[in-house]
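Below is one structure, written out as structure tokens; comments come after it.
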2 protein chains.
Amino acid sequence: MNDFMSKIEILKLVAHPARLSILEELSKGVKCVSDFQEFLEISQPNISQHLSILRHAGVIDYFIDGRLRCYFLKSPFIPDLLEIIKRDYTGQLPGPECCPTTKKGKYHGDRRK
Amino acid sequence: MNDFMSKIEILKLVAHPARLSILEELSKGVKCVSDFQEFLEISQPNISQHLSILRHAGVIDYFIDGRLRCYFLKSPFIPDLLEIIKRDYTGQLPGPECCPTTKKGKYHGDRRK
DNA sequence: TAAAATCATTCATATATTTGAATATTACTA
DNA sequence: TAGTAATATTCAAATATATGAATGATTTTA
């Protein structure tokens, strides 16, 4: 089940400010819908919509506590993803690998200016 | 400047089958456009479009070698992202953390069925 | 049982993304 | 210099996504 496609679907869903915030909160623990209302500046129906999207993708799930729906993280992929999103990459050098692999090029060294 | 947003932008771009393939190839080394044509089943203009999108987002860049454009990975975030996408998560347990944090709930233990 | 609290669903519209088709650009080569 | 190889750009149509508005469903409380 480690298919790339499901990971791509998850990436698509996480790449949204509201849903990323939701997942970050859930990575700290269980939360109900009205908890999210405290820090998300969107309407309750919209929050429910995002939760529904995440749930149908298998990223989160919930259990009932009285009249609350307590949501929690379900996909083990999410904590790792959140970790690298928060990681600081400033100062790390970009650039092509030292050994180029173009099939057609005559390139045999780093000719960049 | 908050690079949270730029990470979200990158996630959005990576969450596409063609662009993910392109980035995976680039993680192995420098590639020119016609190299991509060998394994991507989309048109050359479409490949160029995806490359352009990735380049404008600062994810990749290129240098010129004769009449080839040699593309390479620029964002240091990408290798880490590719690594967790390829990682196998099967068998890992989902579930809420042991310590719930709903503010409104009376919940004080794991009541799930 | 009526009211309130909590959350979900539906629908319509606005916006963004994706792709194919056609064409342009640039640098080599004969 | 004309031709060709390699790649980019533009545009339009199709598709997908996001959001607000209105309303529904359930459970608890008074």
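Source: prediction; values computed, not measured. Computed over heavy atoms, backbone and side chain alike; hydrogens, waters and symmetry mates excluded. The sequence lines fix the lettering, A, B, ..., with proteins before strands; numbering per chain opens at 1.
In terms of heavy atoms, A:A18 sits closest to A:L40 at O-CD2, 4.2 Å.
Nearest-nucleotide positions on DNA chain D place B:P45 closer to the 5' end than the other of A:S43 and B:P45. Mapping A:R19 and A:Q44 onto DNA chain D by nearest heavy atom places A:R19 closer to the 5' end of the strand.
Residue B:I64 contributes atom CD1, which lies 11 Å from atom P of C:dT26 at whole-angstrom precision. As rounded to whole Å, 14 Å separates atom C1' of D:dT10 from atom CD1 of B:I53. Separating the NZ atom of B:K12 from the P atom of D:dA16 is a distance of 18 Å, rounded to the nearest angstrom. Between B:I47 atom CD1 and D:dT9 atom P the separation is 15 Å, expressed in whole Å. Atom OH of B:Y62 is separated from atom P of C:dA27 by 10 Å (rounded to the nearest Å). At whole-Å resolution of the value, CG in A:L13 and P in C:dT17 are 15 Å apart. Nucleotide D:dT17 holds its P atom 15 Å from the CG atom of A:N46, rounded to whole Å. The CG-P distance, from B:D61 to D:dT7, rounds to 15 Å in whole Å.
The base of D:dT10 is paired with the side chain of B:Q49 by a donor and an acceptor separated by under 3.5 Å.
Ring-plane geometry between B:H16 and B:H50 is classed as tilted, the angle between the planes lying from 30 to 60 degrees on a 0 to 90 degree scale.
With B:K7 contributing its side chain and A:I85 its backbone, the two residues share a donor-acceptor pair below 3.5 Å.
The residue B:R55 sits apart from the nucleic acid: no heavy atom pair falls under 4.0 Å.
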Protein proximity profile, nucleotides 1-6 of chain C - base contact B, sugar-phosphate-only contact S, no contact -, cut-off 4.0 Å on heavy atoms: ----SS
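Interatomic distance, B:L81 CG to A:L81 CG, rounded to the nearest 0.5 Å: 6.5 Å. In this structure, the separation between OG on B:S75 and CG on B:L13 is 10.5 Å, given to the nearest 0.5 Å.
Contact between the side-chain N/O atoms of A:H16 and the OP1/OP2 oxygens of C:dA16 is not found at any separation under 4.0 Å. The side chain of B:H50 contributes no N or O atom lying less than 4.0 Å from OP1 or OP2 of C:dT18. For A:Y71 and C:dA8, the shortest distance from a side-chain N or O to OP1 or OP2 is below 4.0 Å.
When only modelled atom types and interatomic distance are considered, B:Y71 and B:D35 share no side-chain donor-acceptor pair under 3.5 Å.
A salt bridge is defined here as a Lys NZ or Arg NE, NH1 or NH2 lying under 4.0 Å from an Asp or Glu carboxylate O, and A:K28 with A:E24 fails to meet this definition.
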